[in-house]
Amino acid sequence: MSVDRRAFLLRSAATLGAGGLAGATAQQALAGSSPTTAPASSGATAALTARVPFDGAHQAGVASPPQDQMTLVALDAIAGDRSNLVQGLQALSSRARQLAQGTTMPEQEVDEPPADSGTLGTTIAPDGLTVTIAFGASLFDDRYGLARRQPARLTTMPAFPNDDLDPARSHGDLLLQIAAQRRDTVIHTLRELMRPVRDQFALRWTLDGFQSADRGPTPHSSRRNLFGFRDGTANPDVSDAALLDQLVWVQPGAEEPGWTAGGTYQVVRAIRMHVEFWDRVGLREQESMIGRSRDAGAPLGGSDELQAPDYEADPKGARIPLDAHIRLARPRSASTESQRILRRGWNYHRGFDAAGQLDQGLAFVAFNQDPRRQFATVQERLADEPMADYVTPVGGGYFFVPRGSRGAADWVGSGLFAA
Amino acid sequence: MTTVAGSASSPQAVADAAAMRPTAAGLRTEISPLSPRAFRAPVARYRAYAAREADAMQAPVGQLATALRRGDRGAAQAAWGRACDRYLLLGAAYRALGPLDRAIDGMPGGLRRGVADRRFAGLHRLEHGLWTGAPLASLVPWAVKLARDVHTLRRVVRTIPITPLDYATRAHEILEDAQRDLVSGRAAPWSGAGVRATADASAATAAVVGTLVPLLQGRGDALPPVQYGLRRLDAELASVRRDHGGRWPATGALTRAQHERVDGRLGAVLESLAAVPGALETQLPRAIPALPALAAPKRAATR
Ligand code: HEM
């Protein structure tokens with residue numbers, strides 16, 4: 001578990017108490033905070049009853065700790081008109097709120113189809129579920145009269161050098177990020193969310209992701225991606241509200257329409273990782289491409305994952321090559337710190353390709369206040385990094401995540417439609 | 001310290017040992033580095049080979065332009081295939097040629113307007129037009145541009161610097177490229193020339209490995225499995241070609257069994273080729289300067 005995730009759980013535990021994240025998770029988080037305790041296997045054994053509130057100033061699933069299982073669902077809006085679209089969005093929020101809260105299936109007439117698929121039984125435990133709802137640029141075309149309210153920095157994701165974007169796996173009017181500790185919870189949620197909105201939204205693409213298990217060695221060690229490297233080490237501290245206001249949340253004012261305040265831009269990249277090829281590369285070369293040791297995740301030359309790489313003391317790249325992934329992604333100079341992004345990556349595995357090669361990769365998710373200033377700037381710096389030969393971005397999109405819903409009477413996106 | 005089960009070593013020490021990296025105890029022992037001078041003759045031989053292939057590309061590119069002007073799509077497609085063969089035989093994998101490679105062999109994936117992008121040029125721009133029914137006259141300017149770029153190529157392959165490390169990695173990167181892009185049908189999607197292109201890549205690899213034989217002999221056991229693997233791959237490709245009446249089938253026309261066997265032979269030879277760069281090192285992996293240990297307050301501050 002990364003530092004930031006632990007910090008979040010601690011805060012959640014403190015602020016939500018027993019009514020928020022349920023006992024087991026909070027306790028494990030607390031146990032993990034003591035450096036002398038044995039590694040807590042928090043994720044895998046988290047109680048089914050762990051609960052993350054759906055409503056709040058910000059949507060859940062952004063700054064909350066990434067759960068073990070996740071599915072991204074891009075939808076196209078097929079609603080006939082604006083009010084029909086609103087109905088669909090209301091239904092999504094209301095159903096998502098219910099599932100995130102946990103619910104019991106009502107008694108029902110035997111001659112009717114049950115109200116719930118029953119794949120989780122009759123007691124539907126929350127399992128840490130978050131459903132994060134976001135809008136793509138295409139929703140703001142002329143169909144629903146939303147053009148004038150488009151978030152100022154929302155565009156269709158451009159193709160970057162070396163991208164091989166498949167239109168069938170890119171973009172979309174709406175994006176749902178459904179995440180929970182267990183796969184069955186995620187799949188159940190998707191299935192239930194679609195039921196009330198068949199007339200409004202059509203599936204465009206989906207991508208299933210998973211986190212590697214927490215295998216230590218310490219409670220704050222990051223999980224590994226499918227290149228075998230720890231991922232998520234250097235992320236903005238999500239317990240630092242002031243920092244998130246600078247890097248993640250859209251602030252009131254500026255050139256943004258008022259309804260966007262408290263929201264954030266979500267960048268999704270489905271990045272195929274050519275794992276067979278990677279596995280044929282010497283360890284030293286792998287580590288030089290990333291800039292960290294594979295085992296510990298420490299910056300090269302260091303021994304601890306949390307050590308700062310100290311580029312100032314290494315101007316020529318004798319320790320960490322100048323074109324290493326972490327060095328290009330974040331040079332840690334005063335002028336580049338405002339480009340930091342909040343990364344929430346999940347691994348994916350989706351079979352194999354026509355050449356018999358495993359189709360594995362990274363469901364890269366990043367949240368930021370301004371994709372031009374942040375994500376795109378970083379991505380452009382990474383254009384010719386040595387790792388580029390081993391990965392191919394194949395899909396994804398830019399989306400805007402509105403602020404959280406204010407309660408049971410509200411719904412995500414209501415601000416967009418308010419007069 | 002965490003130790004790996006059944007040993008008294010840290011995971012890092014075990015990883016170091018597995019990668020045969022220099023550890024505190026000393027340097028790897030079994031193979032001492034080659035002198036960079038040892039690469040002079042192989043690189044010179046390769047350069048002469050690459051220059052011949054680049055020169056030989058000019059003719060089919062010219063024939064392609066002629067066929068386009070004449071309005072003969074069949075002849076243009078055939079000339080395109082011959083031009084493509086030459087480029088692949090040159091073994092210019094993995095951007096060895098920089099922007100020139102993109103101009104000659106670039107795909108539209110990273111371009112804003114995809115296949116309609118003005119920067120989409122070279123062999124695949126022509127391939128797209130030739131196999132999707134574009135008016136042949138509209139392709140003439142692209143063939144002319146390609147001829148110019150091939151002219152530059154002939155000059156560049158004679159002079160471009162090739163370090164020992166570049167050259168040692170090229171031995172496996174040509175076929176890595178083929179596996180990623182050619183047999184998957186990702187490159188050459190319109191013509192389906194992936195199988196034929198893989199045969200070219202195999203020949204290019206054999207040419208590079210051939211120049212390295214004197215170096216590899218007597219340096220561990222990397223060479224025999226590579227030679228065996230290349231023979232198996234070539235035999236498989238030849239048998240596929242026979243099964244298709246002596247013509248290269250489109251990637252999509254491979255039967256499942258053929259595809260599986262080609263993919264498997266290719267994967268196997270790649271596993272063997274992965275040992276080549278290590279066997280041809282000209283310097284021991286350098287020691288990484290130490291980063292001063294983590295200052296204690298950092299961890300406390302993040303809690
Ligand atoms: C499959 C593709 C990718 C892989 C395998 C990968 C892998 C890694 C690894 C292993 C780290 C070091 C551990 C950490 O701090 O999390 C890292 C850090 C990072 N990556 Fe990536 N990454 C990928 C794509 C991207 C992309 C597309 C971006 C953004 C455009 C990006 C931005 C960053 C940033 C900002 C850091 C932190 C650097 C720091 O603050 O020191 N990565 N990545």
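A note on names: the letters A, B, ... follow the listed sequences, proteins ahead of strands, and every chain is numbered from 1. The figures here come from the full heavy-atom set of this structure, side chains too, leaving out hydrogens, waters and symmetry mates.
Of the atoms belonging to B/Leu111, it is backbone heavy atoms, and not side-chain ones, that fall under 4.5 Å from chain A. Residue B/Glu260: no heavy atom, backbone or side chain, is found under 4.5 Å from chain A. Contacts between A/Pro309 and chain B at a heavy-atom distance below 4.5 Å involve the backbone alone (N, CA, C, O).
The CZ atom of B/Arg180 sits 9.5 Å away from atom OH of A/Tyr390, with the distance rounded to the nearest 0.5 Å. In this structure, CD1 in A/Ile320 is found 7.0 Å from CG in B/Leu291, a value given to the nearest 0.5 Å. With rounding to the nearest 0.5 Å, the separation of CZ in A/Arg284 from CZ in B/Arg286 is 6.0 Å. Taken from CG in A/Asp164 to CE in B/Met107, the straight-line distance is 7.0 Å, to the nearest 0.5 Å. With values rounded to the nearest 0.5 angstrom, A/Gln357 atom CD is found 3.5 Å from B/Gln179 atom CD. Rounding to the nearest 0.5 Å gives a distance of 10.0 Å between CZ of B/Arg112 and OG1 of A/Thr156.
Closest approach of A/Asp384 to B/Arg102, counting heavy atoms only: OD1-NH2, 4.4 Å. The nearest pair of heavy atoms linking B/Pro289 to A/Ala318 is CD-O, 3.5 Å. Nearest heavy-atom pair across A/Ala159 and B/Gly109 is CB-O, 3.7 Å.
With sequence neighbours excluded, no residue forms a salt bridge (Lys or Arg N to Asp or Glu O under 4.0 Å) with B/Asp263.
Of the listed residues (A/Asp314, A/Asp166, A/Thr392, A/Asp279), the one with the most heavy-atom contacts under 4.5 Å to chain B is A/Thr392.
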